[in-house]
Amino acid sequence: MKNIIIKNDAIDIAFHGSKIIFEQLRKKKNSVLCLATGSSVIRLYYNIYKNFKKKKISFKNVSTFNLDEYLGLSKDHSLSYRYFMQRHFFNHIDILNKNINFLDGKSLNPKLECENYEKKIERKGGIDLTILGIGVNGHIAFCEPGSKKNSLTHITKLSKKTIEQNSDGRFFRNKKDVPKKALTMGIATILSSKKIVVIANGKRKAKAIKKSLKGKITPMIPASYLQSHNNIIWLLDKEAASEL
């Protein structure tokens, strides 16, 4: 079922997104969440940790898996996604460290690391709710254009577009600093989630949103694969939805 919710701005998106997560945790205290990083979700995480005690929600029984990580960056590197999550979310809630699952960007055997990640998800009984962002080229996680629908967690080469976007000063200062590869959940891994919420804000995402929702399903727009999911919410601001 495709459900498109359009809000005024990123603040409204964060408020509504946090409600969805709180509802999930009320329904199932030991939920398995799959989480995204990046500018689109910072306000969401802020809203959650500012309100989770008021809402009488606990993360002690919650398990999390993050979508991706840069290959070559340690978890303590200030630009790693693990560091991002600690800073913007995990340090502010009552989640147990043992329940946080992350791909290791410094693994000596990245292929095995990816295989073991899939096994960890399976042992947890699968993912209940996935929070996704979307790139301007239609990528989800680090599944770049050309990604196959049956792909599982894998090593990927980042596209020039993604490297450009990530070197705009919000994270990395220039292209040469951006890692060229990453570890990422695959399309099949993402689609196996029982529920998915896609968060997008800003005019620069509008074309990707239109192609993902209205265009044909194609490997060149990985987010278009989400059309086949039967329980998905597209949570957009007015600018991101402006071409629908």
Side-chain angles (χ1 to χ4, degrees), residues 5 7 9-70 73-106 117 120-134 140-142 153 170-171 183-185 189-190 192-201 231-233 235 237:
I5 298 172
K7 295 294 181 179
D9 51 33
I11 295 172
D12 285 345
I13 286 175
F15 178 77
H16 194 84
S18 63
K19 280 177 62 179
I20 293 172
I21 290 179
F22 290 148
E23 285 168 9
Q24 173 64 40
L25 299 192
R26 288 190 190 98
K27 183 171 67 176
K28 184 181 178 185
K29 291 182 179 179
N30 63 337
S31 288
V32 179
L33 306 180
C34 176
L35 303 175
T37 52
S39 55
S40 296
V41 292
I42 287 177
R43 285 188 179 90
L44 170 67
Y45 296 147
Y46 176 83
N47 196 285
I48 292 170
Y49 75 68
K50 283 295 181 182
N51 290 286
F52 85 98
K53 287 183 180 177
K54 281 190 235 172
K55 301 291 184 181
K56 297 180 180 178
I57 295 293
S58 173
F59 287 84
K60 285 182 180 177
N61 295 311
V62 172
S63 296
T64 65
F65 288 84
N66 264 73
L67 287 162
D68 43 21
E69 180 59 281
Y70 287 113
L73 298 192
S74 70
K75 66 180 182 179
D76 299 319
H77 192 287
S78 63
L79 293 172
S80 74
Y81 282 168
R82 176 62 191 261
Y83 186 93
F84 176 100
M85 292 302 300
Q86 288 295 149
R87 178 185 176 190
H88 292 289
F89 194 40
F90 295 146
N91 286 342
H92 308 283
I93 57 175
D94 60 348
I95 193 168
L96 302 180
N97 192 58
K98 67 177 183 178
N99 291 336
I100 298 171
N101 296 280
F102 233 97
L103 287 157
D104 182 3
K106 292 292 283 185
Y117 208 58
K120 287 179 183 177
I121 294 170
E122 187 178 351
R123 285 197 295 269
K124 285 290 184 180
I127 294 164
D128 294 302
L129 173 62
T130 291
I131 303 297
L132 281 180
I134 181 173
I140 49 177
F142 272 135
T153 303
R170 291 172 302 149
F171 303 110
L183 306 178
T184 182
M185 284 187 182
T189 317
I190 294 167
S192 70
S193 178
K194 298 177 184 70
K195 184 174 185 175
I196 296 174
V197 178
V198 186
I199 292 177
N201 53 71
N231 189 8
I232 183 166
I233 296 172
L235 188 50
D237 72 358

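None of the values given here were measured: they were computed from a predicted structure.
- Partners of Ser31 by side chain to side chain donor-acceptor pair (under 3.5 Å), not counting sequence neighbours, listed by chain and number: Gln24.
- The minimum heavy-atom distance linking Gly105 with Glu69 is given by the pair N-CG, 4.0 Å.
- Atom NZ of Lys75 has 12 or fewer heavy atoms from other residues, nucleotides or ligands within 6.0 Å.
- Every residue was checked against the side-chain contact (heavy atoms from CB on, under 4.5 Å) condition with Ser192, not counting sequence neighbours, and none meets it.
- Applying the side chain to side chain donor-acceptor pair (under 3.5 Å) rule to Thr153 yields the partners Glu118; only residues at least two apart in sequence or on another chain are considered.
- Residue pairs meeting the salt bridge (charged side-chain N to carboxylate O under 4.0 Å, His left out) criterion with at least one partner in residues 44-56, sequence neighbours excluded, are absent.
- A search for side-chain contact (heavy atoms from CB on, under 4.5 Å) contacts involving Ile5 returns Asn3, Lys7, His16, Ile233, Leu235, not counting sequence neighbours.
- Within a 6.0 Å radius of NZ in Lys194, more than 12 heavy atoms belonging to other residues, nucleotides or ligands are found.
- Within the model, atoms CD1 of Ile48 and CD1 of Ile57 stand 10.5 Å from one another, a figure rounded to the nearest 0.5 Å.
- To the nearest 0.5 angstrom, Ile131 atom CD1 is 9.0 Å from Lys195 atom NZ.
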Side-chain donor-acceptor pairs of residues 84-93 under 3.5 Å, sequence neighbours excluded:
{"from": "Gln86", "atom 1": "OE1", "to": "Arg82", "atom 2": "NE", "distance (Å)": "3.2"}
{"from": "Gln86", "atom 1": "OE1", "to": "Arg82", "atom 2": "NH2", "distance (Å)": "3.0"}
{"from": "Gln86", "atom 1": "NE2", "to": "Asn91", "atom 2": "OD1", "distance (Å)": "2.8"}
{"from": "Asn91", "atom 1": "ND2", "to": "Gln86", "atom 2": "O", "distance (Å)": "2.9"}
{"from": "His92", "atom 1": "NE2", "to": "Arg87", "atom 2": "O", "distance (Å)": "2.8"}

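- Separating the CG atom in Asn66 from the CD1 atom in Ile100 is a distance of 9.0 Å, to the nearest 0.5 Å.
- With sequence neighbours excluded, the residues satisfying side-chain contact (heavy atoms from CB on, under 4.5 Å) with Asn47 are Ala14, Phe15, Ser18, Asn51.
- One distance of note links CG of Leu67 with CZ of Phe142; it measures 10.0 Å at 0.5 Å rounding.
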### Task
Check the pair Lys124, Asn99 against side-chain contact (heavy atoms from CB on, under 4.5 Å), reporting the backbone distance first and the verdict last.
CA-CA 10 Å; Lys124 285 290 184 180; Asn99 291 336; 4.2 Å; yes

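- Residues forming a side-chain contact (heavy atoms from CB on, under 4.5 Å) with Asn101 (at least two apart in sequence, or on another chain): Phe65, Tyr117, Lys120.
- Shown here are the side chain to side chain donor-acceptor pair (under 3.5 Å) partners of Asp94, two or more places apart in sequence or in another chain: Ser58.
- Here the closest non-hydrogen pair linking Thr37 and Asp68 is OG1-OD1, 4.1 Å.
- Qualifying side chain to side chain donor-acceptor pair (under 3.5 Å) partners for Thr64, counting only residues two or more places apart in sequence or in other chains: none.
- From Ile232, atom CD1 reaches atom OG of Ser193 across 9.5 Å, with rounding to the nearest 0.5 Å.
- In this structure, Ile199 and Val41 approach most closely via the heavy-atom pair CD1-CG1, 4.5 Å.
- The two residues Val32 and Gly126 have their closest heavy-atom pair at CB-O, 3.4 Å.
- The distance from atom OH of Tyr81 to atom CG of Leu35, rounded to the nearest 0.5 Å, is 13.5 Å.
- Sorted by first and then second residue, the salt bridge (charged side-chain N to carboxylate O under 4.0 Å, His left out) pairs with a member in residues 27-42 read Lys28-Asp128; sequence neighbours excluded.
- Residues passing the ring-ring contact (aromatic ring centres under 6.0 Å, His included) test with Tyr46, sequence neighbours excluded: Tyr49.
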